[in-house]
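Below is one structure; the comments refer to it alone.
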Amino acid sequence: MPLSPSEPLIRARGLVKTFGDFTAVDGIDVDVHPGESFGFLGPNGAGKSSTMRMIGCVSPPTGGSLRILGMDPGTQGPAIRARLGVVPQRDSLDEELTVEENIWVYGRYFGLPRPVVRERAAELLEFAQLSERARSVVEPLSGGMKRRLTIARALVNTPQILLLDEPTTGLDPQARHVLWDRLFRLKREGVTLVLTTHYMDEAEQLCDRLVVMDHGRIVAEGSPRALIAEHSTREVLELRFDTHDHTAHLADVDGIADRVEVLPDRLLLYTPDGESAQSEIARRGIEPLSSLVRRSTLEDVFLHLTGRTLVD
Amino acid sequence: MASDLEVTTDRAQRLAGGGWQAVAVHWLRKYRRVWVSTLITSSLSPLLYLAGMGIGLGMLVDRGAGGVGGVPYVVFVAPGLLAASTLQVAAGETTFSVLGSIKWTPIYHGMLATPLRVRDVVLGQLVYVLLRVTSAAIVFFVIAAALGTVRSWWGLLAVPVSVLGGMAFASCCFAYSANLRNDQGIMLMFRFVVMPMSLFSGTFFPIEQLPGWLQPVAWVTPLWHAVEACRALVLGTATVGGVLVHCAYLAVWLVGGYLLSVRVLRGRMVV
Ligand SMILES: Nc1ncnc2c1ncn2[C@@H]1O[C@H](COP(=O)(O)OP(=O)(O)OP(=O)(O)O)[C@@H](O)[C@H]1O
Ligand SMILES: [Mg+2]
């Protein structure tokens, strides 16, 4: 195998993707190490999917260098793809076939012999909690079930790296938790996960390390905790006022927090100690509609770095 | 079991995947869900065509003109219908399914995320279409033969020739469909290419009946070559050279269409 032990599984340097005049990915550097769970966090259009498709060797980079499993996607695409599992943003299941047939035909794409594929399919459906639906046609299944099937299918070749592009977008909270649980198990088994999301809670739950992307660039990198420590305070006090423009209340809270962000519907006060900030508000006789202390999240990091919220 | 899997996975990686065979297997599996209904259609339509065109219209033609080129009209038209209906089945299998696999149920995206290459995707589907079209041609031929329209043992070769004609067109249909943005283009193609071609390529009447300027147009179409070769074989008037020339022409379409399909699909999918 051409991969030396010290080399990361995925290594991108100055990676660029353009579509015509438009630059979707603007020179990013990424290293993903074995067993790691790595995330791309960013809003719509940040270039997450474009990056994932380059890593998945289905989209040729426009510039920069990219190596995956020590190989060059340009010349060794099939050999790389043989060892990847891909969960694309949009499910690419064959909706006319049954759940198990989808895994069977997919296993054959990897050249796995029939008996192996059958056995593997049974295990994977068990893992994805779909055994009871094995013989159902895919088309009428719920979004969560289709997503779990897509993940099960992506594991048929026992991939070294699993690429997940927005694995839980559009699912209800319960379905998301089921999926997270499955992904945790894979992580424990040592599968390297690379995922994109625009949900900060998902990134916090699943990622050991992540990059925050915006407009095709990486604006921050680190573990969720390190990013929060570096770019935000420990706590946040959220204040809502009965007003159309929260800027009007900026003067009221002057000096209370390290930093204040104004959102259309609330003020965010960044402070190491939310409770004392809250008492200071009360002492000044300010009466917001609501006042809430919470821990800082990646959302705050993103807001701080880009001046915008992740999900609008 | 785990180690078994690793060994086989390893072998698969060296072979870089299941190749076009895996794609053909996928399409055959899809076909399994609908084969009963297609079998019924592919036996009913030759019966209806041969009964309506051959026997009904044939009575008029035979009474008025004493057949076509010395044979009863039904005997004249049967090989033409064989070639035309085979081509229509081939076109039907490379239009909606191609566009749909790009846009509606994006199964090509699934395929190309694996070791499969674009050429495997195209070739595998065309091999499936080949099997599908061959079975339809066999059904048609058996029915036509049972109605006594086959005059020579050479006629058996009309089956592979009509299949070649169908595939020659299907490979180009694939390229065309892979380039479409919506299904409007498919309707247009059936209305303005498949229909006129079926009517004016010697299927129902010799192209000598066409205005002079239209005859060269008929010569260009793959269907005319398939019809001519099939008819000569079924009537027992074929010459080896003649059939080979028609087949060679169709083979050029087939290979050209395949290469074009790979190119178009790559341009569409690998961006
Ligand atoms: N094939 C394409 N042709 C032209 N532009 C494209 C193409 N694919 C992506 N883009 C553009 O590139 C930009 C980045 O798209 P990308 O899909 O990578 O973003 P994303 O971060 O995945 O967003 P989302 O959260 O909405 O999925 C977008 O502005 C998109 O319109
Ligand atoms: Mg995306």
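Order of the sequence lines sets the chain letters (A, B, ...), proteins ahead of strands, with each chain counted from 1.
For A:L84, no part sits under 4.5 Å from any heavy atom of chain B, backbone or side chain. Contacts of A:V86 with chain B are made by side-chain atoms alone, with heavy-atom separations under 4.5 Å and no backbone atom involved. Within the 4.5 angstrom heavy-atom criterion, atoms from both the backbone and the side chain of A:T98 approach chain B.
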- Query: Going through the checks in order, is the side-chain contact (heavy atoms from CB on, under 4.5 Å) test met by B:M269 and A:V58?
  - Reply: CA-CA 8 Å; B:M269 303 293 301; A:V58 289; over 6 Å; no
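More than 12 heavy-atom neighbours from other residues, nucleotides or ligands sit within 6.0 angstrom of CZ on B:R268. The environment of CH2 in B:W35 is sparse: at most 12 heavy-atom neighbours from other residues, nucleotides or ligands sit within 6.0 Å. Within a 6.0 Å sphere centred on OH of B:Y176, other residues, nucleotides and ligands contribute more than 12 heavy atoms. Heavy-atom neighbours of B:R33 CZ from other residues, nucleotides or ligands within 6.0 Å: above the threshold of 12. The number of heavy atoms from other shown groups lying within 6.0 Å of CZ (A:R133) does not exceed 12.
If you tally non-hydrogen atom pairs under 4.5 Å between each of A:R108, A:R153, A:E101 and chain B, the highest count goes to A:E101. When each of B:T114, B:I107, B:V25 is checked for heavy-atom pairs under 4.5 Å with chain A, B:T114 comes out on top. For chain A, the option among B:V271, B:V23, B:V270 with the highest count of heavy-atom pairs below 4.5 Å is B:V271.
The two atoms that bring B:W104 and A:R90 nearest to each other are O-NH2, 3.0 Å, heavy atoms only. The shortest non-hydrogen separation linking B:R117 to A:P78 is CG-CG, 3.9 Å. Summarising the geometry of A:S92 relative to B:H109, their closest heavy-atom pair is CB-CB, 4.2 Å, with the distance given to 0.1 Å. Minimum interatomic distance between A:D94 and B:T105 (heavy atoms only, all atoms of both residues): CA-CG2, 4.2 Å.
Summarising the geometry, atom CD belonging to A:E96 is positioned 14.0 Å from atom CZ belonging to B:R32; distances are rounded to the nearest 0.5 Å.
When side chains are defined from C-beta on, B:K30 counts as touching A:L97, because their heavy atoms get closer than 4.5 Å.
Under the 3.5 Å distance criterion, with hydrogens and angles disregarded, no donor-acceptor pair is assigned to the side chains of A:Y106 and B:H26.
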